[in-house]
Amino acid sequence: MKELKTMVDEETFILLIDLCERMRAERYASQVYDLITDSSTLLSLRTGNSLLSMFVRFRDLGNAWYVFGKMSERDLFSWNVLIGGYCKGGCFDECLGLYDRMLWAGVRPDVYTFPSVLRTCGRVKDLGRGLRLFREMIESFFVPDLMTMTSVISACEFTGDERLGKTVHGYAAKHVFRKDVSIDNALIQMYSRFGAWEEAERVFSTIRTKDVVSWTAMISGYEKNGLPEKAIEVYKNMKMENVALDEITIASVISACASLGLLDMGVELHKYAKRTGLLSYVIVTNALIDLYSKCKLIDKALEVFQRIPDKNVISWSSIILGLHINNRSVQAIYFFRKMKVRLIPNSITLISVLSACGKIGALMTGKEIHAYALRTGLGFDGFVPNALLDMYVKCGKMKTAWKQFNSIEKDIASWNTMLTGYAQRGNGPGAIDLFNKMVKSDVKPDPVTFISLLCACGRSGMVENGLEYFRIMAENYYIVPNLKHYACVVDLLGRSGKLEEAHAFIISMPIQPDQAIWGALLNACRIYRNVELGELAARNLINMNESESLRYYTLLCNFYAEIGKWDEVARLKILMTEKGVTVDPGCSWVEVKGKIHAFLTGDQTHPQEKEINAVLDGFYSKIGFDVFKNNIDASKADILCGHSERLAIGFGLINTAPGMPIRVTKNLYMCQNCHNMVKFISKVVRREIAVRDTECFHLFKDGLCSCGDAGYKLRILS
DNA sequence: TTAGGGTTAG
């Protein structure tokens, strides 16, 4: 190495650095750097500047900073490159700090300095400082150039100062740089962020020669405003105009495909990226992870993920979220742990993993992440406080949830999350109480609030209250009921046995009922064995858009099983196989000593299988073998249960100390048999057993359940 | 001779 050092001159080093940059050969960057220097020598201005720009391009700000410190002298270029690097890399404090140091060192900024600093002022929401800088710039006889104006617009965009943004727009329009496309591009971005997508559209349409940035800004602008169809349309127009895609465009288009579930188009873009080399950009692979996850091809997403050489925090967050939404929450948590030893998670990562914890009731893990969030300062960042709240609510820890609720800055989502806790427990009075507190605190309820409220009323048989809130919602809060609200009312009436009223309500709806509405009626008819209305609901369900109806086929099966129409059940089952409708296998999770254990229905591979079954058999014999083991009538409503919670509870009993509570989470409904059995177990072992299923939170204690057997009562009667 | 715009995850 030393020999090589003496052989090669500065010119060659600079060529080498240039080569690394051009080839995006990040791996060799440090090696070239090692070649040039040892710890005692200082870098020349030229070599230093070249190295600086290389590291900045590779987003390696640590090494860039190191090079900056090792330079024998620095010029304006050196400062500008590093300031720009910090701005682009999201290190805003460092960027502004470096700018101050530059002034302190007596170096005057130029037109290259201002854009980065202005942009940064916007990102840290310090528009005052940005505008002071802008004024100083003009007073120092700098003529603001295009990028400077663009940056002022960007600053307005981030600080949310729409009025000033428009003024700058007007100013720019009157001046010569109006003709340049970059101003228009910044405007598209600004208007999109303000939700004024029509304004953005207008600016876009006036650009005569749109460049790749204009197209991308418009595509992502639509996507940001929840209009992915329009984003795709713009992309198609872009292709017709033969504008070449780059990595940012393709990532934005893939993102739009993910929103719309356009798998085929996404796959085409994947192939295109492979052909053109764009796949080597992490932004593109990240977008693909999201696409495959949302299209339920999680293994494909994992494949893309594994192949990324330099996974960043977005790659990890995307795969964690992907695993979670594809019912692989345990694996999502595992990936989070793996990530933590390599990279620092951000608030979005935490939100994703907390959501996974909530889904499977991993309370200990959730608490651990809570502690981690507080340690790293992310505990009060963005949506993290609400994500923590949601986790506690989903894990059934209402007391801890209240503690969290009282310690955070509350928004409407925080209140709604607490309300879902009461809805989940079928605690109507609790929900109403909370709603009143909410109103007293001057928080305006939104459509989501009423969904939880109606749901809580429905599950505690408070029909009159529910109907009253449905009325209040429109009359006092001017909220137009949507399909979900209507479904809640149908459910509310149906559950209390008012089937005719529920039907009449559907008929009177001002909008076309959807599958969920007929599904709610069908479910009520199943419970009350109302054949006539049930078949009517079933017919309506089947006659609707098939891809949406398929989700209700298990419910249909259950209904026909319940009323003894076995030929219908058989017909539906064949249909389900033909259409490829899969039923999620029953799965229950139990957390023991911070480790999550999953049990699938009929799982016979568990190392403690024998012990678990021995414990369960003990209960079966105590309570009457016939009723609780043989009476698992797979043809009845119980087919939706799977009974996996029994295995989880058995495992919990064996592996925890006597008297300790056991908490189980389940992905399907709990059947009446299991419900009775767990009541019995709680009495015998004198332990609290909590089971959260998809419908309700059950806390079993001394042979009783907190749900008061709601939802099971009728079956006991019949 | 090197520099500044559009950026994927909730």
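Letters A, B, ... are given to chains in the order of the sequence lines, protein chains preceding strands, and every chain is numbered from 1.
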Next item on the list: Could you pull out all residues at least two apart from Tyr191(A) that satisfy ring-ring contact (aromatic ring centres under 6.0 Å, His included)?
Entry: His169(A)

Note to self: Nearest to the side chain of Ser347(A), heavy atoms from C-beta on, is which of dG4(B), dG10(B), dG6(B)?
What the structure shows: dG10(B)

Margin query: Show me the pairs that pass ring pair (Phe, Tyr, Trp, His ring centres under 6.0 Å) and involve residues 211-252 of chain A, at least two apart or across chains.
Written below: Phe204(A)-Trp215(A)

Next item on the list: Return the residues of residues 218-237 of chain A meeting this criterion: a heavy atom under 4.0 Å from some atom of DNA chain B. Order them by number, or give none.
Entry: Ser220(A), Lys224(A)

Checklist line | Set of residues satisfying side chain to side chain donor-acceptor pair (under 3.5 Å) with respect to Arg132(A), sequence neighbours excluded | finding: none

Notebook entry, point to check: Quick one, which residues of residues 241-260 of chain A touch DNA chain B with a heavy atom under 4.0 Å?
Noted result: Asp246(A), Ile248(A), Thr249(A), Ser255(A)

Margin query: I'd like to check the salt bridge (Lys or Arg N to Asp or Glu O under 4.0 Å) partners of Lys271(A); sequence neighbours left out, ordered by chain and number.
Written below: Glu268(A)

Item checked: Spacing between Leu343(A) atom CG and dA9(B) atom C1', to the nearest angstrom -> 14 Å

Check: Could you state the CE-P distance from Met190(A) to dG6(B), rounded to the nearest angstrom?
Finding: 14 Å

Notebook entry, point to check: Can you list the residues that meet the side chain to side chain donor-acceptor pair (under 3.5 Å) rule with Ser355(A), with sequence neighbours excluded?
Noted result: His324(A)

Note to self: Just to verify, what does Thr216(A) make a side chain to side chain donor-acceptor pair (under 3.5 Å) with, not counting sequence neighbours?
What the structure shows: Thr249(A)

Distance-only criterion, 3.5 Å: show the donor-acceptor pairs between side-chain atoms of residues 302-309 of chain A and protein atoms not counting sequence neighbours.
none

Note to self: Below 4.0 angstrom, which residues in residues 385-394 of chain A have at least one non-hydrogen atom near DNA chain B?
What the structure shows: none

Check: Near Phe194(A) CZ, under 6.0 Å, is it more than 12 heavy atoms from other residues, nucleotides or ligands?
Finding: yes

For residues 81-94 of chain A, please give each side-chain donor-acceptor pair under 3.5 Å, one per line with the distance, not counting sequence neighbours.
none

Note to self: Base, sugar-phosphate or nothing for Ile283(A)? Non-hydrogen atoms, less than 4.0 Å.
What the structure shows: base

Checklist line | Arg328(A): partners by salt bridge (Lys or Arg N to Asp or Glu O under 4.0 Å), with sequence neighbours left out | finding: Asp299(A)

